[in-house]
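Proteins come first, then strands; the chains are lettered A, B, ... in the order of their sequence lines, and each starts at number 1.
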Amino acid sequence: MTTTLPAYDDVVARYEPVIGLETHVELGTNTKMFCGCPTDFGGEPNTRVCPVCLGLPGSLPVANKAAIEATIRIGLALNCSIAEWCRFARKNYFYPDMPKNFQISQYDEPLCVDGYLDVEVNGETVRIGIERVHLEEDTGKTLHVGGATGRIHGATESLVDYNRAGIPLVEIVTKPIPGTGALAPEVARAYVTELRDVIRSLGVSDVRMEEGSLRCDVNTSLNRPGQEWGTRTETKNVNSLRSVERAVRSEMLRQASVLDAGGRITQETRHFHEDSGDTTPGRSKETATDYRYFPEPDLVPLAPDAAWVAELKAALPELPRLHRRRLQLQWGLSDLDMQSVLNAGAVELIEATVAAGATPAAARKWWLGELSRRANEAGIELADVGATPSQVAELQGLVDAGKLNDKLARVVLEGVVGGEGSPTEIMNNRNLEVVSDTGALTAAVDEAIVANPDVADKVRSGKVAAAGALVGAVMKTTRGQADAKTVRELILERLGVQS
Amino acid sequence: MTDLTRLTASEIAGLVASGDASAVEVTQAHLDRIAAVDGRINAFLHVDTDGALAAARAVDERRAAGDELGPLAGVPVAVKDVLATRGVPTTVGSKILEGWRPPYDATIVKRLRAAGTVMLGKTNMDEFAMGSSTEYSAYGPTRNPWDTDRIPGGSGGGSAAALAAYEAPLSIGSDTGGSIRQPGAVTGTVGAKPTYGGTSRYGLVAFSSSLDTPGPCARTVLDAALLHEVIGGHDPRDSTSIPAPVPDVVAAAKLGATGDLTGVKLGVVKEFTGEGAEPGVTAAFREAVDTLTKLGAEIVEVSCPHFRYALPAYYLIAPSECSSNLARFDGVRFGLRVGDDGNRSLEEVMSLTREAGFGPEVKRRIMIGTYALSSGYYDAYYGQAQKVRTLITRDFTAAFTQVDALISPTTPFVAFPLGARTSDPYQMYLADLYTIPTNLYGGPGISVPCGLSEGLPVGLQVMAPTMADDRMYRVAAALESAVGTFTPPAL
């Protein structure tokens, strides 16, 4: 598409977006959804398979209780009602990476329904309605070989890896989200971020978008104010939080340009392209497959015991939003300061650093200062910067004990990030400890006075400010390892001047 | 010397246990019989000579070592080709699975092996168990040992004919709408459909998941019960398997064999007498009812008004499930692949494979099922059929408040000539008219020979409440004790 796109501000002035998100989360259970095969990521192709997940004739599924439990916990964390009785259903369509040519999913009887998730955007709380949370099995992966793009078009052969087939997958579907206006892209991102944090706090998935354990489809439509909601498109291949935001924005701009030109939006699946930031059409939903859903006859209905559900609810961990609020109070941060901590992705890092003994202020200083700078420069996540919370706490401990000053501490931190060892080891190995031996310092001071007689005279005659040059000289000979304040006091004392 | 192939399974087990016959001798006798007659019967799709003899030797070695043997150790069994057998071809009577050797054993096959039975091979069947004559097998029809120009029933015609032809004393069948009982009736053998969930479906190539029930076939009621006991019981690999012990079917068969049915109340299904059945079948059934009365049973007539809707409901539910179950046969992972010449698309290869691999009856049912599940038609067809299923279940539960078990002829007609009903699917479907309600309900049913009509066997069906399989064995064994077993003319 080479059409010139309208300006975003113009678009949101003329149109109202309605968005919706369908998120798939691969659960971190030990075994697959309907068989005992392991779920770990990355094995050689077709090594984590058995007759059941290969869909061999005669094989039968048996539901994984741990996956059902995890799904119920997600539903509870999203304020859903848990079905007293529900069933799995078959979704029938032919695709080679789907071993049985149907997917065991849930249709009109999902496990969890009608909940919500509160997210914060620019300090405002937006309540996102949750339509349903259901459980299904993942498909395998098809690799198209020989084509230019890795897509099926032009490929000479297709290879299928069934390792992923049958991994439990939770689908979380929002209700349509109207009324967010210009903030729609940010709301979408904030929702996926919050959802990721909630699921991570439950410990049921590693929710890594880059490994595909969190996948997101974004529905977008535009309508003129006061008119009915427009036709929606579904954008797939949205593989990062940033892409969620970009995909909504890009689709809003594209749809506006189509509507502006008097065109109509086709209900279709579109693919998001990370590099260009735009979307291209995939398969049209208007000729969509009839999935012929019907209740899965190989499985018995699920009827979670009410007492069990109550137990799971009572045992839910503190959810991220409440957790953050509690930390903000404990750390004494303003909303703005807390926001910058959140934006830096530093909440858990600071929390762990405080737990390892640092004060909140010191922990925040390191993570938002020196370490954020390094992460930004390297273009990596803060958590991957190379220093751990316990190392940061140890470093701060050395500063607090007077063994390192700020400048030396930064040198030590560089060593930590470079993998030289613990802060104490680096300080000792590189001999960076503050010189606190007054004998050695006095010698250095006397040396500086002798070497700079003119300056010494000025100080003696009352120009105390001139002592700075002598301090500098001492710091130079001690390679910065002296405490400047102590040095200054010593100089004045040796020159017989009252400080 | 005794002809080992003429013995019952319990007699063979006795000889093997006492050392009067070795399992290898027994097995060899049956392999020889198969070699002699199966060219005329075509009961077997695959004879596993080496595997059978190895299994027999293992039993003999265990006996020699003084190990305790199970009640059927050393007894040969023929297995319907619908069950996955590790390393042994499993075709389901279809071209689409030609050459497939499963990497795993069905639970029932595992239990047969663990019990020391000797698997002779795999028996012929209507393709994917869809049919009532075994004429829809992709590997040629099986012929009825009573008259080789007639059908042996279906879909499990191979398992029934193997018994009637003395090629095996025991066999395994699967019953979705009558595929164990109707072949049993027309070959003069015993076929039992256990309670749904009473026998594991793991490894049974699915036709209709909510109806498929594997079960025992034998020449006597006691043998069927002994086999039932070996294969039955809970299997954690099958979610629909019932977590309860197998009812004591062997004790029930032994009790029935005393010929005393005093205190047993039986209901004749009103809707299954009279019209529809051949006069000879009706006559044999009436005579059997008199016999049961003489054995002490109280007989009443019971109306099950919704049974007349069983056939149409079945022909929506079973095809719907089959259309989904058979989707996996696409040439990608196993079995036949057609048209993969490097130029055709994946979709084309899938289509060509299915077109070449499935026979006309299978295609017909896939199409019916696909239609019945389609958006906009689901409620009118699949949804409505499920409601009928509920009503039929209510008929059964209401009947069982009045009687201990229901009885009817097993099938409206005796073995018909080959080709007589293949041109009209509905005429073929009528063969299962009396057996289908039990599948929709999920209860057990057994067919036991009750007499002859124009020289051909007639079966009587006993239907019992779910998990009361023992009741039907008692009634069947009592009738057998009075009327005896039926031997076909020499081949």
Taking every heavy-atom pair that is under 4.5 Å apart, which of [options] has the most such pairs with chain A?
options                                : value
B/Ser324, B/Gly342, B/Ser320, B/Ser323 : B/Ser324
B/Val92, B/Leu204, B/Val332            : B/Leu204
B/Gln386, B/Arg328, B/Glu347           : B/Arg328
B/Thr90, B/Asn325, B/Asp212, B/Leu97   : B/Asn325
B/Tyr378, B/Tyr382, B/Phe329           : B/Tyr378

ask   = Does A/Tyr291 have A/Lys91 sitting over its ring (NZ/CZ under 6.0 Å from centre, angle to axis within 45°)?
value = yes
ask   = Side chain, backbone, both or neither: which part of B/Thr370 has a heavy atom under 4.5 Å from chain A?
value = both
message = Taking side chain as everything from C-beta outward and backbone as N, CA, C, O, which of these in B/Pro102 sits under 4.5 Å from a heavy atom of chain A? Side chain, backbone, both or neither.
response = neither
Does any heavy atom of chain B fall under 4.5 Å from the side chain of [X], the backbone, both, or neither of them?
X        : answer
A/Pro96  : both
A/Asn92  : side chain
A/Phe294 : both

Check: [X]/[Y] side-chain N/O donor and acceptor closer than 3.5 Å:
X        : Y        : value
B/Arg333 : A/Tyr162 : yes
B/Asp126 : B/Ser137 : no
A/Glu22  : A/His24  : no
B/Thr123 : B/Ser159 : yes

remark   = Counting heavy-atom pairs under 4.5 Å with chain B, the top scorer among A/Ala63, A/Gly55, A/Cys35 is A/Gly55
salt_bridge(B/Asp48, B/Lys122) N-O dist < 4.0 Å = no
ask   = Between A/Lys100 and A/Glu137, is there a salt bridge with N-O shorter than 4.0 Å?
value = yes
request  = Taking A/Asn237 for its side chain and A/His271 for its backbone only, find out whether a donor-acceptor pair lies under 3.5 Å.
outcome  = no
